[in-house]
Structures are given as C-alpha cells and as structure tokens.
Amino acid sequence: MYFSNSIISWYNKNARELPWRNTVNPYKIWLSEIILQQTRVSQGLPYYLKFIENFPTINHLASASENQVMKLWQGLGYYSRARNMHFTAKYIVQYYNSQFPENYNEILKLKGIGEYTAAAISSFCFDLPHAVVDGNVIRILSRYFGIEIPYDTSEGKKIFKNLAERELNVDLSAIHNQSIMEFGALQCVPKSPNCSVCTLSENCMAFNSNLIDLLPLKSKKISVKKRYFNYLIIENEDSTFLQKRNSGIWKSLYEFPLIEGDFTEEKLLKSDEFDEILQNSDFTIGFVSKQVTHQLTHQTIFAKFWHIKVSSFQNKKYKEVNWDCFIDFPIPRLIDKYLKNIEKVTN
DNA sequence: AAGACGGGGCC
DNA sequence: GGCCCAGTCTT
C-alpha cells in the first residue's frame, strides 16, 4: 500500500483542475476517456468542451448525424473513436434506456471500450476496484519496480496488468487510478523526468539503477510508409465534388476525387483513373499546387491538388457540394490545411 | 500476434 | 527523424 499511498498523496498536492474531474457522470467520463486515448490533455481539452457544448447528454449525441459528430472530431485523429462512440450512444439509448451500464463486464462489451476505458469508467463513476493500465501506468510500474520486459508483448501485458491490480488500493480505486495517471503525465514523464524532485525516487528501481532512460522497454519499432495523393478539386461555378472514404485512413471523412500514385503531370492526365473521374466532361486544368507533405505516425503522404474547371460535370460517384455548405463536411487535416493556405494566398 | 489507425509536440 | 500520448479493433 506504500506505493499507492505515496502516489495519492502526491496527487493531492499536484493535480490539475480538469473539467472531467469532480464528476461521476458516466457520459462525461466516457467522452473524456475516449478523447484522451493516445491523445494529450492539451490537444483533447478543446474537443471535450466543444462536445459537451454541442451534445450535453448521451441523448443529444445519439440523435446527431454522423457528419455532425465527425465534424466535431475533425482534426483529432483516430476517427473510429468518434464512429464507435456515436454507435454506442445510440445503442445505450435504445437498449439501456439511456442509462450507462454500471458493471465492468457490461461496460467492456460496448463498442470502442476496451480494458483500459472499462476500468477507468467503472472506477471513476461506480467506484469499482479495477486498475487502469495505460501508457502512464506502464511507464511508472516499469520504472518503479524495474520491469525489464517489453510491454508490447503478450507476456508484458499480463505482467503489467497483474502488477497494476496488485498495487491498486481497492478502497480508493477512483483516486488511485486518477493519481497514477496524473503522476505519469506530470512527474514520471517519458523523457528526462526530474527525478530530483520525485517523492518516489528513494524506492524507484530504475532511478537507483540508472535505468530511467531505458524503461519502459518496447519490442516493436514503427515503420513509415510513403503514399502519393492527387486530389482533383473540380470547380463547377459555386460547387465542388466530394466523396466519403469508406475504409482505411480517414474512414468516414470526405475528400476530393483522389488518384493515388506517384505520377508526373503528363502521366496523370493520361491515366485511366483520371479519365474515369472526368469522363466526357469539358474541363480545363487550372492551378496545380506544389507537393504538400503530410506527416502521420505510420505514413508520409505527399499530396498535390489539381484545380480543374468544368462547365458541366456529372459522376455518380461524387457528391456535388456548394462551397457554402463545404464547411459542414468533416475533412482530413491535410485538406483543411491546404484550403486555408489557398484562402490566405488569394486574399 | 501483428497491423492499422491521426495529429501534435518534444528532442 | 523518431518517439510518445488516459488504446481499440481487425486480421
């Protein structure tokens, strides 16, 4: 209990004020936990506030259209989080009479909620004794107890889960879980933690063995793939054309007609894909952007935007959208950034 | 068990 | 350029 008590007492002096603290409203806790998956507080906070403002309750979220939900999520990434949350909101309204389930196994069954989020919700809202295991917890446990097993293996996952449960103060689950994550976010940070002011350093295995920079261990490395996107911004008077991505990256966001591949200008205009999009319409090639680089965690996207003027254009694959309504459509950051730049240049 | 899935910030 | 962030789902 020494470990838990130390962390909790640190928390009582150092915790930040955050809007999802001091509430046991499952909808608000759920939303904050989904937003904060793989996302820093500073990045997620504005999204949380926007969501609560637009959808104050689970019923508001359940009644919204997918485009509305995705539009609010635009720019935050990992869009399946928003799709799953929307699905689950509708599910809870329909099958649970709008009441969030109150036991761990029921919560864990919900789409978009895994072990971490189920433990967070069930401890924060219902005071159930489940330990959270996230990046913070893994980092702290691996350092404090000197665990030199990679956490991204089945063995590692088991060990950290068991250790987290062993160290959980079951009488103070909520505060224990909050404390350990806040401690990881503020004190036991990934790079160059300031151990000289750490109240746990005396008994920290990594600190005492000079292993802080080595732990936690990870087995896999990330590899980054290159992709080439050619977006056709087809301009017909006041409108343009969009399609919805239905798989892979940016699924359920909208984009301009896309030709993927590393083409020269000449080859692109002669390609079958280009023909298929423009079909028999009259067009003239207008402004062509320089190559824009969009860096993601697992891929680097090199994009070019081709402005194409048409007088009459028809292609059932694409949805004609007036530029005045364009803002209602959720779009990837890459496209949003490009259009904002163009606007700046033209004004 | 291994990949896929975003975007931002830090070094 | 590499790594990490209050992870989960699919294959």
Side-chain angles (χ1 to χ4, degrees), chain A residues 11 15-16 18 20-21 29-48 70 73-85 87-88 107-121 123-124 130-140 150-158 160-161 164 174 176-186 188-193 213-227 245 247-253 293-301 330-337:
Chain A
Y11 180 79
R16 294 167 287 185
L18 295 171
W20 47 84
R21 298 249 167 92
I29 298 293
W30 174 39
L31 175 63
S32 71
E33 292 305 334
I34 301 297
I35 285 177
L36 292 173
Q37 286 170 9
Q38 300 290 287
T39 305
R40 285 165 211 283
V41 167
S42 57
Q43 192 187 0
L45 183 54
Y47 285 83
Y48 174 85
M70 300 314 293
W73 205 271
Q74 178 180 312
L76 194 55
Y78 283 172
Y79 297 95
S80 65
R81 291 182 292 175
R83 282 196 314 273
N84 288 337
M85 208 180 159
F87 175 93
T88 296
I107 295 170
L108 185 57
K109 281 183 202 157
L110 299 170
K111 194 173 283 189
I113 295 184
E115 287 191 15
Y116 162 76
T117 305
I121 294 173
S123 66
F124 297 161
H130 295 277
V132 292
V133 183
D134 72 334
N136 293 305
V137 173
I138 288 165
R139 191 168 56 254
I140 294 162
Y151 65 86
D152 57 340
T153 59
S154 47
E155 188 196 5
K157 280 171 194 157
K158 225 176 286 175
F160 283 106
K161 175 93 176 154
H176 170 99
N177 281 337
Q178 288 281 5
S179 301
I180 193 165
M181 290 194 286
E182 189 77 337
F183 185 76
L186 299 183
C188 197
V189 293
K191 294 219 165 159
S192 316
D213 294 333
L214 244 65
L215 296 178
L217 250 42
K218 192 181 180 182
S219 66
K220 293 191 275 282
K221 288 185 197 164
I222 63 166
S223 66
V224 181
K225 295 187 172 74
K226 291 181 179 173
R227 297 177 76 174
R245 288 186 74 94
S247 68
I249 193 171
W250 301 328
K251 181 178 173 185
S252 61
L253 301 189
T293 306
H294 189 67
Q295 187 63 55
L296 300 174
T297 302
H298 294 279
Q299 41 187 293
T300 305
I301 294 170
I331 55 174
R333 193 85 177 88
L334 164 63
I335 294 178
D336 193 37
K337 264 195 204 162

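Proteins come first, then strands; the chains are lettered A, B, ... in the order of their sequence lines, and each starts at number 1.
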Base-contact (B) and sugar-phosphate-only (S) positions in nucleotides 1-8 of chain B, heavy-atom cut-off under 4.0 Å, - elsewhere: S--SBBBB
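Taking atom OH of residue A:Y48 and atom P of nucleotide C:dA6, one finds them 17 Å apart after rounding to whole Å. C:dC9 atom P lies 8 Å from atom CG of A:L108, rounded to whole Å. In this entry the distance linking CD1 of A:I121 with P of C:dA6 reads 17 Å, nearest Å. For the pair A:I34 CD1 and C:dC9 C1', the computed distance is 12 Å after rounding to whole Å. Across the protein-nucleic acid pair, A:D213 atom CG and B:dC11 atom P stand 14 Å apart, rounded to whole Å.
Applying the 4.0 Å criterion to OP1 and OP2 of C:dC5, one finds that A:R139 has a side-chain N or O inside that range.
Counting any heavy atom pair closer than 4.0 Å across all strands shown, A:R83 reaches no nucleic acid atom. Nucleic acid contact class of A:W73 (heavy atoms, under 4.0 Å, all strands): none. Nucleic acid contact for A:R21: base, since at least one base atom lies under 4.0 Å from a heavy atom of the residue.
Using cut-offs of 30° and 60° for the angle between ring planes, the A:Y151 and A:F160 rings count as perpendicular.
Taking 4.5 Å as the limit, some side-chain heavy atom of A:N84 sits within range of a side-chain heavy atom of A:K111.
In summary, A:E115 and A:K157 do not engage in a salt bridge, as defined by a charged side-chain N under 4.0 Å from a carboxylate O.
The same atom, P, is picked in C:dT10 and in B:dG6; the two are 14 Å apart, to the nearest Å. Separating the C1' atom of C:dA6 from that of B:dG3 is a span of 22 Å, rounded to the nearest Å.
With rounding to the nearest 0.5 angstrom, the CZ atom of A:R227 is 6.5 Å from the CD1 atom of A:I249.
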